Amino acid sequence: MRISTQTLFDTGAARIGELQSSLVKTQQQIGTGRRVLTPADDPVAAARALEVAQSQSLNTQYAVNRQHAKGSLGAVEGTLSSVTSLLHDVKTTVIAAGNGTLSDTERSFMATELRGRFEELLGLANSRDAMGNYLFSGFQTATPPFAETAVDTGTATVASAAYQGDQGQRRAQVDSARQMAVSNSGQAVFQGGGQDVFQTIGELIERLKTPGTTGLADALGNANSKIDAALDNVLTMRASVGARLQE
């Protein structure tokens with residue numbers, strides 16, 4: 001079989017083209033630092049590379065979620081710490097109000113002080129996080145958790161607060177198999193433990209504003225027990241938040 005000069009030329013030109021293409025591909029591999037440039041180069045390796053890229057993307061998102069969870073839980077912990085200090089101060093006032101030497105005027109001064117504590121507590125209950133979301137509204141993050149209201153106890157109308165959020169607990173996906181709660185409902189925090197801390201303080205304010213000592217000891221004893229229950233409830237919440245922060 002005779003091979004013409006044109007055939008030899010065409011074969012050589014085709015081979016040169018193949019070598020040039022191979023050179024370009026090698027240069028691209030060196031430039032990108034990747035052996036597999038397209039799935040056609042190595043379908044199995046390309047599929048594995050895609051899996052790795054997806055895993056890296058998920059891990060990056062989990063890391064971001066963990067930072068958000070840490071920020072939210074830190075805000076909750078800081079607020080609950082302030083609530084704990086405030087309730088200790090209220091308890092101190094309750095004990096001091098039992099001093100039999102105090103006059104009606106002096107007890108009314110204490111009532112005024114407690115009114116300031118009530119407003120401070122309402123402000124803490126309506127705290128927001130760094131994103132402007134209310135911490136204790138459940139899923140209703142744009143709604144203030146509590147609004148001041150008045151409650152008729154049968155003997156007096158006292159200040160209290162109505163919960164406007166829901167019972168939802170926001171969660172963050174911090175790992176492939178772990179969703180972490182990053183919030184607590186305000187109702188569970190401030191109206192849990194068998195008492196409503198807002199109404200407890202409101203009742204105490206009205207009693208200290210009322211002249212005379214008849215029934216005062218019983219009122220103070222009842223208020224002290226309810227404040228203790230509120231403190232225990234808040235401390236339980238703080239322990240739960242602290243465990244999640246530690247995790």
Side-chain angles (χ1 to χ4, degrees), residues 32-36 39 42-88 120-147 161-198 227-247:
T32 61
R34 296 166 54 193
R35 180 178 68 85
V36 180
D42 189 334
V44 174
R48 290 177 177 172
L50 181 60
E51 291 175 0
V52 170
Q54 291 175 334
S55 296
Q56 288 176 332
S57 178
L58 283 173
N59 287 333
T60 298
Q61 186 60 55
Y62 292 147
V64 172
N65 291 351
R66 286 193 290 271
Q67 286 301 314
H68 288 166
K70 184 177 180 180
S72 295
L73 289 171
V76 172
E77 159 60 22
T79 300
L80 294 182
S81 176
S82 297
V83 171
T84 300
S85 298
L86 185 149
L87 292 179
H88 278 300
E120 182 182 353
L121 181 63
L122 188 61
L124 290 171
N126 288 335
S127 295
R128 301 174 185 246
D129 62 17
M131 303 296 292
N133 298 318
Y134 288 101
L135 292 176
F136 301 109
S137 284
F139 295 139
Q140 308 300 318
T141 56
T143 302
F146 290 95
Y163 185 58
Q164 303 180 126
D166 58 34
Q167 302 306 311
Q169 193 172 42
R170 299 192 302 279
R171 295 177 178 274
Q173 190 79 35
V174 296
D175 201 356
S176 59
R178 177 72 166 104
Q179 281 193 338
M180 179 178 289
V182 297
S183 69
N184 293 88
S185 78
Q187 195 166 55
V189 175
F190 299 95
Q191 297 175 326
Q195 53 73 50
D196 182 332
V197 68
F198 293 107
I227 294 298
D228 280 340
L231 267 170
D232 288 343
N233 186 57
V234 170
L235 290 174
T236 298
M237 295 289 178
R238 287 186 67 186
S240 174
V241 171
R244 280 174 272 162
L245 270 172
Q246 180 63 33
E247 181 184 346

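What you see is a predicted model; the values in this text were computed from it and never measured. Just so you know, these numbers use all the heavy atoms, side chains as well, and skip hydrogens, waters and symmetry mates.
- The shortest heavy-atom contact between Thr84 and Val234 is OG1-CG1, 3.5 Å.
- A distance of 13.0 Å separates OG1 of Thr79 from CZ of Arg128, quoted to the nearest 0.5 Å.
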### Query
side chain to side chain contact (heavy atoms under 4.5 Å, CB included) between Met131 and Thr141: does it pass, once the steps are laid out?
CA-CA 10 Å; Met131 303 296 292; Thr141 56; over 6 Å; no
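- Distance check, rounded to the nearest 0.5 Å: CG of Asn133 to OG of Ser127 gives 13.0 Å.
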#### Entry: Audit row: Gln167, Gln187, side-chain hydrogen bond (donor to acceptor under 3.5 Å, both in side chains) steps and yes/no
CA-CA 8 Å; Gln167 302 306 311; Gln187 195 166 55; 2.4 Å; yes
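- With hydrogens and angles disregarded, no donor-acceptor distance shorter than 3.5 Å links the side chain of Gln191 to the backbone of Ala188.
- Taking each heavy atom of Leu245 and Gly74 in turn, the nearest pair found is CD2-N, 4.0 Å.
- The main-chain N or O of Ala181 is found under 3.5 Å from a side-chain atom of Arg244 such that the two form a donor-acceptor pair.
- Residues Asn184 and Gln169 are in side-chain contact: their nearest non-hydrogen atoms beyond the backbone lie under 4.5 Å apart.
- Between the side chain of Arg170 and the backbone N or O of Gly138, at least one donor-acceptor pair lies under 3.5 Å.
- Atom CG of Asn126 sits about 8.5 Å away from atom CZ of Phe190, to the nearest 0.5 Å.
- Residues Gly193 and Ala229 come closest through the heavy atom pair O-CB, 3.8 Å.
- For Gln140 (side chain) and Asp166 (main-chain N/O), no donor-acceptor pair under 3.5 Å exists by modelled atom type.
- Listed here is the closest heavy atom pair of Leu80 and Phe136: CD2-CZ, 4.2 Å.
- To the nearest 0.5 Å, atom OG of residue Ser72 and atom CZ of residue Arg171 are 13.5 Å apart.
- For Asp196 against Ala161, the heavy-atom pair with the smallest separation is OD2-O, 4.2 Å.
- The structure places NE2 of His68 at 15.0 Å from CD of Gln173, a figure rounded to the nearest 0.5 Å.
- Listed for the Ser81 side chain is no donor-acceptor partner under 3.5 Å among the backbone atoms of Glu77.
- Under the 4.5 Å side-chain criterion, counting only non-hydrogen atoms from C-beta, Leu121 is in contact with Phe198.
- Asn233 contributes a side-chain N or O that, together with a main-chain N or O of Val189, makes up a donor-acceptor pair within less than 3.5 Å.
- Atom CZ in Arg66 sits 13.5 Å away from atom CG in Leu73 (nearest 0.5 Å).
- When all heavy atoms of Ser137 and Tyr163 are compared, the closest pair comes out as C-OH, 3.6 Å.
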